[in-house]
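Here is the structure we will look at, set down as C-alpha cells.
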Amino acid sequence: MTAAWPVVLVDGDVLLRPIRMRDQKEWREVNRRNREWLRPWEATVPPPAPGMPPAQRPTYRQMVRHLRAEANAGRMLPFVIEYRGRMAGQLTVAGITWGSMCSGHVGYWVDSEVAGRGVMPTAVALAVDHCFRTVGLHRMEVCIRPENGPSRRVVEKLGFREEGLRPRYLHIDGAWRDHLVFALTVEEISEGLLARWHRTRRRDAA
C-alpha cells in the first residue's frame, strides 16, 4: 500500500472512500432504485464469439474482489461516493498506465436523488486532484456517450477539453456505442481542479 491507496477524500458533504464488502446491501438498494436511470449508460457484456459460452455478470462480491486486486496492483482506484453520510454513487479511476503515458480514465454514476447538487463534479475534482498530486499521473480522461447530457455537463463544469469521438468505443446498454473523449493534463490545472470547481460555483452563484 502507498499514500495513494487506500485513501479517503473529502470536500464538504462529499466523501470518496474505498468500496467495501459490507457495502453490498446499500449498494444494491441504490442500484435498484436507479435501475432505469442508469440503464442507458451502463456497460454491458457483448455477445460471445461463435462457439463460446455467454459471459456472466459478476456478483457483488466478485466485483469487489476484482476492484481490490486491481487497486493493490496500482491499476485502479475504486471509490464509493457518499453524500451527507449516505451512499450516493460510485467513481472508479481505471486503466492506470505508467511509463511514458502516466494516465488514467474516470468512470462514474450517481444516485438520481442527489443529481444536480454538485456531488459528481466535486467527486471527479477530488479524484483528479488526488491522481495528479499524489498518485503522480499526468493525464486524465473521461469518455461519455454523446447522448448523456448530465454526464457531459459534469466535465464541462470542470473545464475538461473535448478531444473528439471514438466510434463504437464501449458496449453499453446492449450495443457498441460511440463516446466523446474529454481530457485534462496536470499542466492545465496548476491551481487544482477542486479549486477551479469552487471558483466556478462561486461565479455562477453570484
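Computed from a prediction, not measured in an experiment: that's the story for all the values here.
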Checklist entry - Do side-chain atoms of E70 reach the backbone of L67 as a donor and acceptor pair under 3.5 angstrom? => result no
Checklist entry - With a 4.5 Å heavy-atom cut-off, do L77 and V135 have their side chains touching? => result yes
Solution key, residues 89-104 side-chain donor-acceptor pairs under 3.5 Å, sequence neighbours excluded:
from : atom 1 : to   : atom 2 : distance (Å)
Q90  : OE1    : W27  : NE1    : 2.8
Q90  : OE1    : W109 : NE1    : 3.2
T97  : OG1    : G95  : O      : 3.1

Item to check | Heavy atoms of other groups near R35 CZ, more than 12 under 6.0 Å | outcome: yes
Checklist entry - Do you know the tightest heavy-atom contact between L193 and D129? => result N-OD1, 2.7 Å
Next on the checklist: As a test of understanding, state which of H105, E163, R166 forms a side-chain contact (heavy atoms from CB on, under 4.5 Å) with C143.
Outcome noted: R166
Next on the checklist: Determine whether a donor-acceptor pair (N or O, by modelled atom type, separation under 3.5 Å) exists between the side chain of D23 and the backbone of I19.
Outcome noted: no
Next on the checklist: Using 0.5 Å steps for rounding, measure from the CZ atom of R139 to the CZ atom of F132.
Outcome noted: 9.0 Å
Checklist entry - Do the non-hydrogen side-chain atoms of I189 and V128 ever get within less than 4.5 Å of each other? => result yes
Checklist entry - Have S112 and N34 got a donor and an acceptor in their side chains that come within less than 3.5 Å? => result yes
Next on the checklist: Before you tell me yes or no, could you show the steps for R28 and E26 under salt bridge (charged side-chain N to carboxylate O under 4.0 Å, His left out), namely the whole-Å CA-CA distance, both residues' side-chain angles and the distance that decides it to 0.1 Å?
Outcome noted: CA-CA 5 Å; R28 288 189 180 280; E26 191 174 12; over 6 Å; no
Which donor-acceptor pairs under 3.5 Å do side chains of residues 172-183 form with protein atoms, sequence neighbours excluded?
from : atom 1 : to   : atom 2 : distance (Å)
D173 : OD1    : R39  : NH1    : 3.1
D173 : OD2    : R39  : NH1    : 3.0
R177 : NE     : I172 : O      : 2.9
R177 : NH2    : D173 : O      : 3.1
D178 : OD1    : R168 : N      : 2.7
H179 : ND1    : R177 : O      : 3.1

Item to check | Test side chain to side chain contact (heavy atoms under 4.5 Å, CB included) applied to V106 and M140, step by step | outcome: CA-CA 7 Å; V106 182; M140 298 297 295; 3.5 Å; yes
Next on the checklist: Is there a continuous path of hydrophobic side-chain contacts, each under 4.5 Å between heavy atoms, that joins V114 to V124?
Outcome noted: yes
Next on the checklist: Can you confirm whether L165 sits close enough to P146 that some side-chain heavy atom of one is under 4.5 Å from a side-chain heavy atom of the other?
Outcome noted: yes
Checklist entry - Nearest 0.5 Å, what's the CE-CD1 distance between M87 and I81? => result 10.0 Å
Checklist outcome for this item: For residues 105-115, the salt bridge (charged side-chain N to carboxylate O under 4.0 Å, His left out) pairs (sequence neighbours left out) are R33-D111, R33-E113
Next on the checklist: Aromatic contact between W5 and F79, with the criterion being ring centroids under 6.0 Å apart: yes or no?
Outcome noted: yes
Checklist entry - If Ile, Leu, Val, Met, Phe, Trp and Tyr residues are connected whenever their side-chain heavy atoms lie under 4.5 Å apart, and connections chain through other members, are Y169 and W41 in the same group? => result no
Item to check | Polar contact flag, side-chain donor to acceptor under 3.5 angstrom, H171-T44 | outcome: yes
Checklist entry - Roughly how far apart are N31 CG and Y60 OH, rounded to 0.5 Å? => result 9.5 Å
Checklist entry - So D204 and R201, salt bridge (charged side-chain N to carboxylate O under 4.0 Å, His left out) or not? Walk me through it. => result CA-CA 5 Å; D204 292 346; R201 295 187 86 177; over 6 Å; no
Checklist entry - Mind checking whether L15 and L194 sit in one hydrophobic cluster, side chains of I, L, V, M, F, W, Y counted as touching below 4.5 Å? => result no
Checklist entry - Side-chain donor-acceptor pair under 3.5 Å between T122 and W197, yes or no? => result yes
Checklist entry - When you look at R196 and L158, which way does the side chain to side chain contact (heavy atoms under 4.5 Å, CB included) test go after all the steps? => result CA-CA 7 Å; R196 176 195 280 183; L158 294 173; 5.8 Å; no
Checklist entry - Any idea which heavy atoms bring P121 and K157 closest together, and the distance? => result CG-CD, 4.1 Å
Checklist entry - Atom CG of L9 and atom OG1 of T134: how far apart are they, to the nearest 0.5 Å? => result 8.0 Å
Item to check | Straight-line distance of E162 CD to E156 CD, nearest 0.5 Å | outcome: 7.5 Å
Checklist outcome for this item: In this structure, CE of M63 is separated from CE of M21 (nearest 0.5 Å) by 9.0 Å
Checklist entry - Between the side chain of D11 and the main-chain N/O of V14, is any donor-acceptor distance below 3.5 Å? => result no
Next on the checklist: Are there over 12 heavy-atom neighbours, none belonging to R86, within less than 6.0 Å of that residue's CZ?
Outcome noted: no
Item to check | V80 with V10, same ILVMFWY side-chain cluster at under 4.5 Å | outcome: no
